[in-house]
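Only one structure is covered here, and it is reproduced in the block below.
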Amino acid sequence: MAVGAGRYGPGMAMMTWGLSVVELADGDRWSMAVAQPDSGDSYDALAVRLKQAGLKRVNSREWNGGLWPVTACSVSVLGGRLAEAHTGRSRLLCQPPVEVSPGWEKAGARGRVVLGLVHPGTFPSTGEGYLLPEHLEHAVETVEAEAAAGRLLAGLAVLLDHPAPAPGRR
């Protein structure tokens, strides 16, 4: 899981992005981008936007079976880096953009990625908006635990190689 920082919304709150490849029980592999806002208020505001765009709370069966809802969201990867996610109404920037791995790109070749949202404090904090390399494997396990507890918001987003259009433009 690669991790970077990002900002979103009118107040431009900070968040941490985690990128990984999730392998399902049947061996199918999917690219995953998980956002962790820096505060509970930021989480609440973002959760409302993401739910309106189609993300839902998933349980272990849904998570491990790849039973994620299709959403109105998109994830933009520009020049091999995650640049933003878009809910159709809100842009969630990843600043600085996080490099995606070749394995992440390969798993995303089908044109969809798993987009997730976790509560603040789910990932360990370094105070810098990113995880230390020794925390990355644990972060993947933590996302799975969040699904098992029914706290993970997740859904499938379209993978774009360009920024999402502004609302009202197509």
Out of Leu19, Val113, Leu93, which residue meets the side chain to side chain contact (heavy atoms under 4.5 Å, CB included) rule with Leu82? Leu19
Using 0.5 Å steps for rounding, measure from the [atom1] atom of [X] to the [atom2] atom of [Y].
X     : Y      : atom1 : atom2 : answer
Glu23 : Arg29  : CD    : CZ    : 5.0 Å
Leu46 : Lys51  : CG    : NZ    : 11.0 Å
Arg49 : Leu55  : CZ    : CG    : 14.0 Å
Cys73 : Leu160 : SG    : CG    : 11.0 Å
Ser39 : Gln36  : OG    : CD    : 10.5 Å

Heavy-atom count check: over 12 atoms from other residues, nucleotides or ligands less than 6.0 Å from Lys56 NZ?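 Count over threshold, so yes.
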Search all heavy atoms of [X] against all heavy atoms of [Y] and return the closest pair with its distance.
X      : Y      : answer
Ala83  : Leu78  : CB-CD1, 3.7 Å
Ser31  : Gly108 : OG-N, 3.0 Å
Pro120 : Gly40  : CG-N, 3.7 Å
Asp26  : Asp28  : OD1-N, 2.9 Å
Thr71  : Gly155 : CG2-CA, 3.8 Å
Ala53  : Thr87  : CB-O, 3.4 Å

In one Ile/Leu/Val/Met/Phe/Trp/Tyr side-chain cluster, 4.5 Å: Val100, Leu92: yes
Side-chain heavy-atom pair [X], [Y] within 4.5 angstrom cut-off:
X      : Y      : result
Val70  : Arg112 : yes
Leu67  : Arg61  : yes
Pro37  : Asp44  : no
Arg110 : Leu156 : no

Counting only N and O atoms by type, is there a donor-acceptor contact under 3.5 Å from the side chain of [X] to the main-chain atoms of [Y]?
X      : Y      : result
Glu84  : Ala164 : yes
Arg57  : Arg151 : yes
Ser74  : Leu159 : no
Glu146 : Thr122 : no

Of Trp68, Trp104, Trp63, which meets ring-ring contact (aromatic ring centres under 6.0 Å, His included) against Trp30?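 The single option meeting the ring-ring contact (aromatic ring centres under 6.0 Å, His included) with Trp30 is Trp68.
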